[in-house]
Peer 1: 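Sharing a structure here in structure tokens format.
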Amino acid sequence: MPVHNSEIATMFDHVADLLDIQQANPFRIRAYRNAAATIRDQGRNIADMLEEGEDLSELPGIGVDLAGKISEIVKTGHLGLLDEIAKDIPDTLVEITAIPGIGPKRARALHEALDIGSLDDLEAAAEAGKIAGISGFGPKTQQKIRDELKKGDLAEHRVRLAMAEDFAIPLLAYIKDTPGVQTAEIAGSYRRRKETVGDLDILAAAQDGKGVIDRFVVYDEVETIVSQGETRSTVKLRSGLQVDLRVVPKVSFGAALHYFTGSKAHNIACRRRAQDRGLKLNEYGVFDGKTRICGATEQEVYDAIGLPPIPPVLRENRGEIEAAEKGALPELITLADIRGDLHCHTTASDGRNSIREMAEAAIARGYEYLAISDHSKSQTQAGGLDEAALAKHLDEIDRVRDDLGGIHILKASEVDILKDGSLDYDDDVLDKLDLVIAAVHANFDLDEDKQTERIIRAMDNRHVNIIAHPTGRLIGERRPYALNMKRLMKAAADRGCFLEINAEPLRLDLNDINCRMAKDAGVMVSIGTDAHSTGGLDHMRFGLDQARRGWLGPDNVVNTRNWSALSKLLRR
DNA sequence: GCCGTTTTCGGCCCGACTGTTTTCAGTCG
């Protein structure tokens, strides 16, 4: 039974939560959280690394002790430390800290005063009116607990970036439109272009914070006001999305933007750098003693701590500070680098627009080329084409090509990789195509070895240029299938095969970590929208976000090449 | 519990808002 990185990370986070309630050494607690983050950031399976004899204590934030605990988890599936802690406090006590306003200290107080050990215990105590009597608690807190329990909605739900935009853009316009607001930005993981965001963090520059906050909390979509002060406020929108607004004076805007953009780990590293220089960094600026030396722009903040500006997409404390220090930050790809889209569908299978409409839409976006890649015959529910239908379809592409100048239309197909790794069309059919995208659309539950070998076998076919959405995950809906990514990447590099970043907001597959692995493994990436309509071509920018978060530059991406370079690359 | 171009010991980021207090602890980001 292989242990996933996410399981180890979850156990470490759980240990941290429990130690927090025990009021253990806060730095020890942080060590567990940092280690959990490091483990999540590994593209490779930790269990595999261990098996291959790698020294895990060389990973950042993991020392001899935690390396030993990882090994224990991988070998036994258990962590003895958790049993130790359970003697003191119940495992399920952590649940109650999901209630806003209940943190580790109050959880402990509730446990000690009323022997509360779970959400159910808490609910019973709250309904019986026993909470308000505990020191540090009062009637308001008791009522809040009852309200939150009644609502039930305690699980953190992150929304996909594309959906967050739908709420963020009009809200930002509203804030910018508020009298007295000089400038405003959306910060947080939204600005870092993370694939999902937990809440929206908005920053505004204004002299009068209160006026801005007062108008913020009456925004049309606000359902509840969680907190409301002079310079900051938190609300919940009807959609359930939480929004934090912070207002600072203009001279502090850069420092506040830096602080509010995060990530937390990046901020901590920056603040530590400031400390090393005898300075203090907070959201109001960079300070020498009590004197504010700068902070109007992010550039000034980075200058003060001796670094070139670091793009928000890289601010995850995944080596960007060290790279910046050495002047080795990557040149990141931008939309302007993209010369074409190598994955889209038409009415021939499950798309909504014709070949001509898709091509015209690509021309309108300034592209040199577009690959028309409808589904193969096994995808019956998606209108996949059998050989005869494909032949007619290719003829139709020829007609549009003759008719429509100004763009190279590639005859392509998104061909199913069957369970045994063979392809859905025979080689003589594949021969007629300019580009073959191979994709897994069924049999997701093979074990890691079988799934990996299946895809590598598909890549053994010299017709295959691109593996589409390599992990198969759907954000928030379907986990990636089991795959040895390191083996897959090596195989792709050896065969001159490309891996896709599928730019569809639900997929974004490869993810940022895998993109970075691809770069390190020397695998080129193709960013394709998988558009099923002309509008879907605009999802390219979400794929670019993921690529940028994965440190990719124009050189790492196939579809930054001009037509002649691309055509050479497609010949394996 | 981790970490080191000052260090193998002694450090480890910083501030706003709320509710319960009667000056502040706890929570959150």
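As a basis for the values below, the full set of heavy atoms in this structure was taken, side chains included, without hydrogen atoms, waters or symmetry mates. Residue numbers begin at 1 in each chain, while the letters A, B, ... track the order of the sequences.
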Peer 1: Please report, rounded to the nearest Å, how far the P atom of B:dC28 is from the NZ atom of A:K236.
Peer 2: 12 Å
Peer 1: side-chain contact (heavy atoms from CB on, under 4.5 Å) with A:E127: which residues, sequence neighbours excluded?
Peer 2: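 Checked A:E127 against side-chain contact (heavy atoms from CB on, under 4.5 Å); matches are A:E123, A:R146, A:K150.
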Peer 1: Atom pairs, N/O to N/O, protein against nucleotides 8-15 of chain B, distance under 3.5 Å?
Peer 2:
from   : atom 1 : to     : atom 2 : distance (Å)
B:dC13 : OP1    : A:R30  : NH1    : 2.9
B:dC13 : OP1    : A:R30  : NH2    : 2.7
B:dC13 : OP2    : A:R30  : NH1    : 3.1
B:dC13 : OP2    : A:R272 : NH2    : 3.0
B:dC13 : O2     : A:R271 : NH1    : 2.3
B:dC14 : OP2    : A:Q275 : NE2    : 3.4
B:dC14 : O4'    : A:R271 : NH1    : 3.2
B:dG15 : OP1    : A:K280 : NZ     : 3.0
B:dG15 : OP1    : A:N282 : ND2    : 2.8

Peer 1: Is it true that A:Q22 and A:D88 share a donor-acceptor pair across their side chains at a distance under 3.5 Å?
Peer 2: yes
Peer 1: Determine the interatomic distance between C1' on B:dC9 and the same-named atom on B:dT27; round to the nearest Å.
Peer 2: 32 Å
Peer 1: I need the CZ-P distance between A:R158 and B:dG29, as an integer number of Å.
Peer 2: 12 Å
Peer 1: Return the 5'-most residue of the pair A:K140, A:I62 with respect to DNA chain B, ranking by each residue's nearest nucleotide.
Peer 2: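 It is A:I62 whose nearest nucleotide is closer to the 5' end.
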Peer 1: Can you tell me, in whole Å, how much space there is between the C1' of B:dC3 and that of B:dT8?
Peer 2: 9 Å
Peer 1: Quote, to the nearest angstrom, the C1' distance that separates B:dT23 from B:dG29.
Peer 2: 24 Å
Peer 1: Donor-acceptor check, side chain of A:R318 to backbone of A:D41, threshold 3.5 angstrom: yes or no?
Peer 2: no
Peer 1: Would you say B:dT20 has OP1 or OP2 under 4.0 Å from some side-chain N or O of A:S135?
Peer 2: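 The answer is no; no side-chain N or O of A:S135 sits under 4.0 Å from OP1 or OP2.
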Peer 1: Between A:D509 and A:Q546, is there a side-chain donor-acceptor contact under 3.5 Å, judged purely by atom types and distance?
Peer 2: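 The answer is no; no qualifying pair exists.
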Peer 1: More than 12 heavy atoms of other residues, nucleotides or ligands under 6.0 Å from CD of A:E54: is that the case?
Peer 2: yes
Peer 1: Taking atom C1' in both B:dT18 and B:dT5, what distance in whole Å separates the two?
Peer 2: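 Rounded to whole Å, the distance is 45 Å.
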Peer 1: Can a donor-acceptor pair be found between the side chains of A:H266 and A:E316 at a distance below 3.5 Å?
Peer 2: no
Peer 1: Which residues in residues 194-211 of chain A have a heavy atom closer than 4.0 Å to any atom of DNA chain B?
Peer 2: A:D201
Peer 1: Identify the heavy atoms of A:A547 and A:I527 that sit nearest to each other, and give their distance.
Peer 2: CB-CD1, 3.9 Å
Peer 1: Cation-pi check, A:R191 to A:F260: give yes when NZ or CZ is under 6.0 Å from the six-membered ring centre and within 45° of the ring axis, no otherwise.
Peer 2: no
Peer 1: Is the backbone of A:T291 close enough, under 3.5 Å, to the side chain of A:D288 for a donor and an acceptor to pair up by distance?
Peer 2: no
Peer 1: If you pin A:T231 and A:Q142 to their nearest nucleotides in DNA chain B, which one's is more 5'?
Peer 2: A:T231
Peer 1: So if I take residues 101-111 of chain A and measure heavy-atom distances to DNA chain B, which residues fall below 4.0 Å?
Peer 2: A:G101, A:I102, A:G103, A:P104, A:K105, A:R106
Peer 1: Using the six-membered ring of A:Y190, assess whether NZ or CZ of A:R193 lies under 6.0 Å from its centre and within 45 degrees of the ring axis.
Peer 2: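 Yes.
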Peer 1: If I take atom CG in residue A:D276 and atom P in nucleotide B:dT5, what distance separates them, rounded to the nearest angstrom?
Peer 2: 10 Å
Peer 1: What is the distance, rounded to the nearest whole Å, between atom CZ of A:F137 and atom C1' of B:dA25?
Peer 2: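 Those two atoms, CZ and C1', are 12 Å apart.
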Peer 1: Who are the ring pair (Phe, Tyr, Trp, His ring centres under 6.0 Å) partners of A:F287, not counting sequence neighbours?
Peer 2: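 In terms of ring pair (Phe, Tyr, Trp, His ring centres under 6.0 Å), with neighbours along the sequence ignored, A:F287 is linked to no residue.
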Peer 1: Please walk me through it: do A:F253 and A:E283 pass side chain to side chain contact (heavy atoms under 4.5 Å, CB included)?
Peer 2: CA-CA 8 Å; A:F253 192 75; A:E283 60 263 53; over 6 Å; no
Peer 1: Give none if B:dT8 has no partner; otherwise give the nucleotide forming a Watson-Crick or G-U wobble pair with it, both distances under 3.5 Å.
Peer 2: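 Pairing partner: none.
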Peer 1: Between A:I99 (CD1) and B:dC28 (P), how many Å, whole number?
Peer 2: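 Going from CD1 in A:I99 over to P in B:dC28 covers 10 Å.
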Peer 1: Contact list please: residues 117-134 of chain A against DNA chain B, heavy atoms, distance less than 4.0 Å, in numerical order.
Peer 2: none
Peer 1: Find the distance A:D20:CG to B:dT27:P and express it as a whole number of Å.
Peer 2: 9 Å
Peer 1: Could you give the distance separating B:dC24 and B:dG11 at their C1' atoms, to the nearest angstrom?
Peer 2: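 The answer is 27 Å between these two C1' atoms.
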Peer 1: Taking CD1 from A:I70 and C1' from B:dC2, how many angstroms apart are they, rounded to a whole number?
Peer 2: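 Checked: the CD1 to C1' distance equals 13 Å.
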Peer 1: Think A:T234 has a side-chain N or O under 4.0 angstrom from the OP1 or OP2 of B:dC28?
Peer 2: no
Peer 1: Could you give the CD-to-P distance, from A:Q228 to B:dT18, as a whole number of Å?
Peer 2: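 My rounded result for the distance is 8 Å.
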Peer 1: Quick one: label A:P100 by what it contacts on the DNA or RNA (base, sugar-phosphate, nothing), any heavy atom closer than 4.0 Å.
Peer 2: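 Here A:P100 touches the backbone only, sparing every base.
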Peer 1: Cation-pi check, A:R106 to A:F137: give yes when NZ or CZ is under 6.0 Å from the six-membered ring centre and within 45° of the ring axis, no otherwise.
Peer 2: yes
Peer 1: How far does the P atom of B:dT22 sit from the matching atom of B:dA16, given to the nearest Å?
Peer 2: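 Those two atoms are separated by 24 Å.
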Peer 1: Determine, step by step, whether A:V197 and A:R160 satisfy the side chain to side chain contact (heavy atoms under 4.5 Å, CB included) criterion, reporting the C-alpha distance in whole Å, the side-chain angles of both residues, the deciding distance to 0.1 Å, and the verdict.
Peer 2: CA-CA 6 Å; A:V197 304; A:R160 291 192 285 272; over 6 Å; no
Peer 1: By the rule that syn is within 90° of 0, classify the base conformation of B:dT20 as syn or anti.
Peer 2: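 Anti conformation for B:dT20.
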Peer 1: Between B:dC17, B:dC2, B:dG29, which nucleotide gets closest to the side-chain atoms of A:D244?
Peer 2: B:dG29
Peer 1: Is there a side-chain contact between A:Q242 and the phosphate of B:dG29, meaning an N or O under 4.0 Å from OP1 or OP2?
Peer 2: yes
Peer 1: Which is true for A:K69 with a 4.0 Å heavy-atom rule: it touches a base, it touches only sugar-phosphate, or it touches nothing?
Peer 2: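 Since only primed, P, OP1 and OP2 atoms lie under 4.0 Å of A:K69, the category is sugar-phosphate.
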Peer 1: For B:dG4 versus B:dC13, give the span between their P atoms, rounded off to a whole number of Å.
Peer 2: 14 Å
Peer 1: Give me the distance, rounded to whole Å, that separates B:dT7 from B:dC12 when you measure between the C1' atoms they each carry.
Peer 2: 13 Å
Peer 1: Have A:S57 and A:D55 got a donor and an acceptor in their side chains that come within less than 3.5 Å?
Peer 2: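 Yes - a donor-acceptor pair under 3.5 Å links their side chains.
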Peer 1: Can you find a side-chain donor-acceptor pair between A:D91 and A:H14 that sits under 3.5 Å?
Peer 2: yes
